Amino acid sequence: MPSRQHTGEDDVVIIGAGIVGICAAAYLAEAGYRVTVIDRTGICEETSSGNASAFAFSDVLPLAHKGMMRNLPRWLADPLGPLAIPPAYLPRLAPWLWRFWRAGAPENYEAALTAQAGMMKLAEREWMGLLDRSGTRSMLREDGSLELYESADEFEASLGGWAARDRFGIPYRHLEGDELAELQPGLSRQFVKATLVPGWKTADDPKILGKAIWAYAEKLGAGFLPGEVGLVMKTKSGVTIQLRQGRTLTASRLVIAAGAWSHLLARQLGDRIPLETERGYNTTLPVDAFDVRRQLIFSGHGFVITPLSTGLRVGGAVELGGLNRPPNYARSKAMLEKAARFLPGLKTEGGREWMGYRPSLPDSLPVIGRSKAPDVFYAFGHGHLGKTQAAGTARLIRDLVSGEAPAIDLNPFSAQRF
């Protein structure tokens, strides 16, 4: 991967080469800025490489309002279920859980829903434009998704969320019986109802798409610098970025898009942001493991199955366990075992296990906006929706850097809202 040699001040430095950071690089390079992206491992090599590959533009419900609190006791009773919290981590997590619980209060629902829906509308528009400009539209799959229910009670519990989507013009269709079998042959008969979301989209492979977006940004002049950032600070001459490898850079503007590590850098600038890490797991099986027609969503079990050009990805779930605990791949194995029950005949051999870090805030809204330090901008905390909202976030960062009015109201996404 080519790296730029730095000899002076850059217009914009972006910390983080995940999908949010490289989309921001593309937008800023399009606007004529000289952009350098810093990352310790490379372009889309960490969390952005192994996600479920959805463009979940219809997923407007904040996490605290999606039945999580109702299901929390049952899920926590199963150490390999949809949500796990290692007991030793619980004291450290308690303040975040309190904020999460408060985010689910009825008085907070309307504002969070409206903000998320506005962000999703922007994200879809910006992604379609970026895919066209970068020549990557062929990597988009527009097959829709199927959300599956095992009982009439589970289906009934979902109806409030679908009614909320009605307000924002999100199309969907409930179905059952033969129609369900036609849309996904071979599905276990334990699933009695489903909801088809025709506008749901996926990418052929998230890592391949991310690297293609980066190739576009690179053609426009964006550069990559390998390194791990240890210190950021505002100085009279700009923003100073010190790498753990010993190098120091100065930029006129800085964008922090370092995913689950972003709050550690924000703290150095005086912003204390309650970001927690949702550790997600998956197994990617060979392409011929099963003929899955579109993304299948098993919300009652907290995971999805996605057909990719590079394999069949089975993954999801949430483990609130921070950044330092070793992976617990028993979680990915548990999801794979369920997938084999839900899709009888699924070939479970030859899979690749993976774990990634989702940067999550208690109200399910990202931090997008200015820091307390002038000329430093935040773009992180998207939780499960980093790829979905990456292009919309990039548009907003470009607006802020260039001094234009943001495309949507950024108050709900402010770092200072906490």
Side-chain angles (χ1 to χ4, degrees), residues 49-56 59 71 75 78-84 139 141-151 154-155 158 175-198 200-209 279-319 327-356 384 387:
S49 71
N51 61 63
S53 204
F55 291 102
D59 196 4
N71 290 317
W75 285 352
D78 180 1
L80 299 179
L83 173 65
M139 296 183 181
R141 295 183 56 147
E142 301 186 68
D143 306 316
S145 67
L146 275 179
E147 185 156 350
L148 296 150
Y149 313 103
E150 294 175 270
S151 68
E154 185 182 3
F155 171 70
S158 76
L175 46 91
E176 59 186 318
D178 292 343
E179 195 172 17
L180 175 55
E182 288 174 10
L183 285 171
Q184 182 52 64
L187 183 68
S188 170
R189 291 185 177 275
Q190 71 192 82
F191 295 99
V192 297
K193 289 181 178 289
T195 302
L196 173 68
V197 182
W200 192 277
K201 302 171 177 63
T202 57
D204 272 353
D205 181 279
K207 183 175 180 178
I208 293 173
L209 174 64
R279 294 143 56 94
Y281 292 84
N282 68 46
T283 303
T284 303
L285 300 170
V287 174
D288 65 351
F290 200 93
D291 181 19
V292 175
R293 305 289 176 85
R294 53 189 51 78
Q295 188 171 77
L296 304 178
I297 301 172
F298 303 93
S299 55
H301 298 270
F303 76 95
V304 304
I305 301 178
T306 312
L308 306 175
S309 61
T310 52
L312 188 67
R313 184 157 292 167
V314 179
V318 171
E319 181 184 51
N328 177 14
Y329 287 117
R331 295 183 61 72
S332 55
K333 290 179 175 63
M335 285 184 282
L336 191 58
E337 289 174 4
K338 286 185 177 181
R341 296 202 306 270
F342 299 163
L343 296 175
L346 176 70
K347 301 175 186 175
T348 59
E349 302 81 16
R352 305 186 312 274
E353 292 181 325
W354 178 90
M355 190 270 283
H384 295 73
K387 183 164 73 65

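Just so you know, residue 1 is the first one in the sequence shown, and it goes up from there. This one's a predicted model, so the numbers in the text were calculated from it and none came from an experiment.
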* To do: To the nearest 0.5 Å, tell me how far I305 CD1 sits from S145 OG.
  => 13.0 Å
* Asked: Which heavy-atom pair separates W200 from A56 by the least distance, and what is that distance?
  -> CH2-CB, 3.3 Å
* Asked: Partners of P286 by side-chain contact (heavy atoms from CB on, under 4.5 Å), sequence neighbours excluded?
  -> D288
* What heavy-atom pair brings G311 and V287 nearest, and what distance separates the two atoms? -> N-CG2, 3.5 Å
* Taking the side chain as C-beta and beyond, is there a heavy-atom pair between L285 and L346 under 4.5 Å? -> yes
* Could you label the plane-to-plane angle of the F342 and F303 rings as parallel, tilted or perpendicular, counting under 30° as parallel and over 60° as perpendicular? => parallel
* Structure fact -> The reported gap from CD in E337 to CE in M335 (rounded to nearest 0.5 angstrom) is 11.0 Å
* Structure fact -> d(R352 CZ, T284 OG1) to nearest 0.5 Å is 5.0 Å
* So which heavy atom on S299 is nearest to which on E147, and how close? -> OG-OE2, 3.0 Å
* Asked: Should S158 and K193 count as side-chain neighbours, where that means a heavy-atom distance under 4.5 Å?
  -> no
* Evaluate the criterion side-chain contact (heavy atoms from CB on, under 4.5 Å) for residue pair T283 and Y329; output intermediate values, then yes/no. => CA-CA 9 Å; T283 303; Y329 287 117; over 6 Å; no
* Residues which pass side-chain contact (heavy atoms from CB on, under 4.5 Å) with S49, listed by chain and number, not counting sequence neighbours -> K207, W354
* Partners meeting ring-ring contact (aromatic ring centres under 6.0 Å, His included) with F155 (sequence neighbours left out) -> Y149, H174
* To do: Mind checking the OG1-CG spacing from T195 to L148? Nearest 0.5 Å is all I need.
  => 8.5 Å
* Once you round to the nearest 0.5 Å, how far does CZ of R279 lie from CZ of R331? -> 9.0 Å
* **Closest approach of Q295 to A54 (non-hydrogen atoms, all atoms of both residues)** => OE1-CB, 3.6 Å
* Can a donor-acceptor pair be found between the side chains of S332 and E353 at a distance below 3.5 Å? -> yes
* What residues, two or more places apart in sequence or in another chain, satisfy side-chain contact (heavy atoms from CB on, under 4.5 Å) together with A203? -> S53, F55, L209, K387
* To do: Using side chain to side chain donor-acceptor pair (under 3.5 Å) as the criterion, list what pairs up with R141, not counting sequence neighbours.
  => D143
* Mind checking side-chain contact (heavy atoms from CB on, under 4.5 Å) for A330 and listing every partner two or more places apart, or none if nothing turns up? => L80, N328
* **Minimum heavy-atom distance between P344 and S188, given as atom pair plus value** => CD-N, 3.9 Å
* Asked: Taking atom CZ of R293 and atom CD of Q184, what is their separation to the nearest 0.5 Å?
  -> 6.5 Å
* Heavy atoms, side chains only, cut-off 4.5 Å: are K338 and V314 in contact? -> no
* To do: Could you tell me whether the side chain of L343 reaches within less than 4.5 Å of the side chain of L296, counting heavy atoms only?
  => yes
* Donor-acceptor under 3.5 Å (R294 side chain, L146 main chain) -> no
* E176 and V192, any side-chain heavy atoms less than 4.5 Å apart -> no
* To do: Say whether, by atom type as modelled, one donor and one acceptor occur between the side chain of N282 and the main chain of A52 under 3.5 angstrom.
  => no
